[in-house]
Each structure stands twice: as C-alpha cells, then as structure tokens.
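So you know, we letter chains A, B, ... as the sequences are listed, proteins then strands, and number each from 1.
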2 protein chains.
Amino acid sequence: MAALPSGVLGVIDSTSDRAVFRQIADRLREAIDKGRFKEGAKLPSESELVEHFGVSRMTVRNSLSILQSEGLVSSEHGKGVFVRPRPPVRRLASDRFARRHREQGKSAFTVEAEAAGSRPEVDSLKVREERPTSDISARLGQPRKVLARRRRYLLDGRPVEFAVSYLPLDLARDTPIAEPNPGPGGIYARLEELGHRLDHFDEEVRARMPSPDEVKTLRLASGVPVIQLVRTAYDTEGRAVEVCDTVMSADAYVLAYQLPAN
Amino acid sequence: MAALPSGVLGVIDSTSDRAVFRQIADRLREAIDKGRFKEGAKLPSESELVEHFGVSRMTVRNSLSILQSEGLVSSEHGKGVFVRPRPPVRRLASDRFARRHREQGKSAFTVEAEAAGSRPEVDSLKVREERPTSDISARLGQPRKVLARRRRYLLDGRPVEFAVSYLPLDLARDTPIAEPNPGPGGIYARLEELGHRLDHFDEEVRARMPSPDEVKTLRLASGVPVIQLVRTAYDTEGRAVEVCDTVMSADAYVLAYQLPAN
DNA sequence: CACGCCAACTCGTATAGACGAGTTGCTGAG
DNA sequence: CTCAGCAACTCGTCTATACGAGTTGGCGTG
C-alpha cells in the first residue's frame, strides 16, 4: 500500500462543523473536477483513503457513496473505484420522426447509429394485445384494448433506451403493425398507408431516478437518472393514433428541439 | 416503541443470496408502491425496523439510503423518514416564448404561476458582464464578452428553477437588456425593438444529478435529478442573439413540445 | 393557566472489527 | 514454458457500540 502523493487530497479540518465524510467527498470531488483524477482513472483504494485521512473505513465508504450518488464515480467489486467516463451522447433531433426523414427500409435508430459509427441493435421485441393503463387509455381516447409494441435499443452492446408503443387495437389489429417487423418506414409509414395521415406529435419530457427494473434493463450505473419521453401521434382528423413511452439512460442522450418564434 | 403491524413488511429470506439490506429496501419499496405507506406518511423508525427485521441499525440505514437515492423517501432529522410527496408539476409548453404569447407587463413565469394558483417569486437577480465559457461563446458566435443575466425562480417560496441568459455584449450594452428589469415583455421584446426579430429557438434538454451547488440553490432533496435546458434564440438574420441556460428541479417540471409531422 | 425544561424519541456521524467475494499477479510445480 | 493455485489486494456486507443533534410532548414549577 503506497502512500498517497502528498498534496493531492489535502486534509480534514477537524474544527469545521462540516461532517468529516462530507469533507472527504468534497476533496475527492475537487480533485476530480480539477482533473487530478481523469475519466476512467482509479481513485485511491478505500484503505489508502482510510490511512490518508485517518478515519475509519465506513466513513470513507460514506464519502464514496456520496460521489456515487452524484454520478461522479462508480465502484467495481475487486477492482476499485473509478471516475465515471462520460459515454458518447446520442442527440435526438425533434424532427427525427418527420415524414421527410422517413427512410425506406431502416429505422431512424439504425440510420443515426450507423452514421455515428456505432453498432445498433434492437432487442426483446414483443408485440401483444393489452388492456391499457388509465393514463395510456386517456391519451388514446379510451380504447378498451391496445396493441403494445415493446423493444429495447442498444448501441455497441450497451442498452440505452427502452420503448413501448401503444395503438388502439381496432386500428392496428390484423395489420402489419401487429407484426414484429412492420416493414419499411416503420409503423408510422403503415399508419399513413391505412389512411391515418400524421399531423403532429406531442412530446412530454420528464426526468427521474430509475426503478430497480429500469436499472436492470438499461444496466444503469448508480447516480444516473432516466429521461422519460411520452410521445403521442395525431392524425389529420385529430385522432390520437399512437402513444410511445420511452425511457432513456440520461447520460446517453440530449434531446434537441427547434421551435418557431411566432 | 410499538411493534409493527404484522404482515405489512414481511421478513428476510436468509437463504436468499440477495443482500439483506436490499431485501429490506425491496419490502419497503413494495409497501410504498402498494400504498401501505402513502405520500407524506412516516415510515417505521430505524429502531422499529431494526427490531422487526432483526438486523443492526447500519443495515437498516443502508436500506433506507437506497430508497432515498431512488427519490422514494426523504429523511428529516429528529422526525423520521417520510414517503416523498410528489410536488405539483409545472408544465412548460414549447411555445411559451412565442411572440403571440408575449404578455405586456408580466413575465411568462409570473402569468403561468398565477394561473395555476401559485405565488411566483424571482430571486437573486444579477446582471453583469462576463467572459463567456467556450461553450457559450461557440453558441453565440464567439463574442469576446457577454452580458449575463442570472435569476432564480420560486413557487410558493420553493425554488424550482435557476437560469442564466447570455447575450453578446455588443448587442446588449447600454440597452434596457442590461437593466435588472428590462421592462414589459422581457428581453425578447427588447431584442425585437432593437431590430433583432426572433426567428426560432433551439432547445437542448439533458438530465443529470445536481452538483452540490445546485442542491443548495434549488433546495433539492436527495434522489432528485435536474433537467438542464439550454435555449438559443436566433434572429431572422440567423444570428444567435441569446443563450439561456436553465437548471430545473426535475420533480417540478414536465416539458411539453408539439412537433409537426412533415 | 403559562411556560420552561427535560425525557424520550427521531436521525446523523463515526469507530472498530469481522468475514465474504471478485480480481490480479506472482510463484512454484509440472 | 504453462498453468494451477495461492496471496494480496480490491470492494461488499453486516454487527455492535457510542455519542451528537433536532423534535416533540408531557410534566412540574411558578
């Protein structure tokens, strides 16, 4: 166990009324912010920090758990605690579902990923009929049953997004939309072929901490929130024809919108 | 110390390889999800949980810290641990800065808050000249200096949002925009009077965990992420005339966008 | 009755120790 | 040289204890 380089982490001010474990977290945070520990770098081990600061191990662990909940570091059993690398960010343009961008053949996700040099994958695709929750039901105009299309998206093997599309069953039953692969242009192209010309989308954006389920499905590190995007598609008659509920790893996405000033 | 109502929380499966503190967190989470503890309700105290589950206090605290980092509960020193109430959510419509909505006199924030029956407040308003960060500089077309307008927004005394507007200094110097109160219609009205007719906005939306500073400024409970919204305003010449960097408590906001399908 | 104070509760901080489990690299046997 | 296995490191889990500090309600004194 080598001694820590002096001066890198400083010492505890025992006269301060700030809790010791917070002070240690502060020092480590400073050091990370100032680049003394770079992305992916290993922090000093718990026992090194115990020795350096002269405190007990639980106190050090307490400090580290603060940084973890801030999303600054992540620990790996048997290896150490590392400065969390910022993963490449996927930018979602607000017009990604516009008709003019609808590729014949590949999905928007696939096209964008390949353009960015990543390997896209779609996973655990499930299509089935369901009774809608009251929220979904309200958004779709109170259908008794809906078709639910679930899928998970991965980039280079890493899950980044989980989405469920809901469509009124009377509209989707016995159409290509009820097939696992709805064909070129996706379900929006099929909807338009069925006479539902799309008029506009409503998108609602929320952020929150993930449920344990979402942590598992998206393999989220602790301290990473999710963005929840609920998109409702309306046809030119004003009917809501689809609701898509998407949960995204917040550290993998930036949503970009362009809005007129009128 | 009364015994806990039997059956409410179940017991630990000591044969399971799931850690005891995770199991306890699971039981409590279930109980909250199923409404056995309602919003604002007090969970059993740490010592009650210690007795009920037959574990040490640190194990119980560990469990509770999980729920806290999930944003499910928050603890109050001397009082107990409570199911976190969902605060009223403010809905931000994507057209809230459109010209047609520009009220003469009151800001969009004030109008909306009063319509929702809340008491709006604007706080720590600071206007000054600064050298821009490279990010802001790039968005504004590399001005050497900018005018920065900082302010904090509160609803019923609760801080919900912190925003900084940056404008190229050559554009804003010696105009009402450099005044603490820019007058009716806000800085967008002043920009248009100065000949910069607004054409469109770009908005970028991110979510992340807050910095310690942001926790303080927005009085955030632990386990609450922030939404960061960076809006750039462009005039009809295509010049970026303002960048507004807003950080919002994620549990107080839903962003709503309406997008054309073309 | 009014009020101050204290007891008993709450969570917050910190220590010291033990054992378990994953990872890594070295060492020694083959 | 190869490779199994061990030693030494990492973090994960859990116990037991102690004291501090904020909150609440009741009791007793004035």
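Here the P atom of nucleotide dT10(D) and the CZ atom of R57(A) are 10 Å apart, to the nearest Å. D17(B) has its CG atom 12 Å from the C1' atom of dA21(C), to the nearest Å. Per the geometry, CD belonging to E48(B) stands 17 Å off P belonging to dA8(C), to the nearest Å. Residue L49(B) contributes atom CG, which lies 15 Å from atom C1' of dC9(C) at whole-angstrom precision. Remark: P of dT10(C) and NZ of K42(B) are 6 Å apart, rounded to the nearest angstrom. Atom pair Q23(A):CD and dT13(C):P shows a separation of 12 Å (rounding to whole Å applied). Summarising the geometry, the separation between CZ on F53(B) and C1' on dC14(D) is reported as 16 Å, rounded to the nearest angstrom. Atom CD of E46(A) and atom P of dA14(C) are 16 Å apart (whole Å).
You won't find any donor-acceptor pair under 3.5 Å spanning the side chain of R22(A) and the base of dG12(C), going by distance alone.
DNA chain D is contacted by H77(B), G78(B), K79(B) of residues 72-80 of chain B, taking any non-hydrogen atom closer than 4.0 Å. Using a 4.0 Å cutoff on non-hydrogen atoms, the parts of residues 58-69 of chain A near DNA chain C are M58(A), T59(A), ordered by number.
Ring geometry for Y257(B) versus Y257(A): interplanar angle under 30°, hence parallel rather than tilted (30 to 60°).
The structure places CD1 of I136(B) at 14.5 Å from CZ of R131(B), a figure rounded to the nearest 0.5 Å. Between atom CZ of residue R18(B) and atom CD1 of residue I24(B) there is a gap of 11.5 Å, rounded to the nearest 0.5 Å. Atom OG of S65(A) sits about 9.5 Å away from atom CD of E70(A), to the nearest 0.5 Å.
Closest to the V20(B) side chain, of the nucleotides dT10(C), dT13(C), dC14(D), is dC14(D). Comparing dC11(C), dG12(D), dT10(C) by their nearest atom to the side chain of S47(B) picks out dT10(C). In this structure, of dT13(D), dT13(C), dT10(D), it is dT13(C) that holds the atom nearest to the side chain of F21(A). Proximity note for S56(A) (side chain, C-beta onward) versus dA18(C), dA14(C), dC11(C): the nearest is dA14(C).
Taking both residues in full, the closest heavy atoms of L220(B) and E214(B) are given as CD1-O, 3.9 Å, listed atom of the first, atom of the second, then distance. In plain terms, the two heavy atoms of E48(B) and S45(B) that are nearest each other are OE1-N, 2.8 Å.
Residue R18(A) has no polar side-chain atom (N or O) positioned under 4.0 Å from OP1 or OP2 of dT13(C).
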All N/O donor-acceptor pairs, side-chain side in residues 249-256 of chain B, below 3.5 Å, sequence neighbours left out:
unit_1	atom_1	unit_2	atom_2	d
S249(B)	OG	D251(B)	OD1	2.7
D251(B)	OD1	R158(B)	NH2	3.0
D251(B)	OD2	R84(B)	NH1	3.2
Y253(B)	OH	R90(B)	NE	3.2
Y253(B)	OH	E161(B)	OE1	2.5

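Exactly one of V230(A), L218(A), I227(A), L229(A) qualifies for a side-chain contact (heavy atoms from CB on, under 4.5 Å) with V247(A). That residue is L218(A).
Note on R22(B) versus D26(B): no salt bridge recorded, every NZ/NE/NH1/NH2 to OD/OE distance being 4.0 Å or above.
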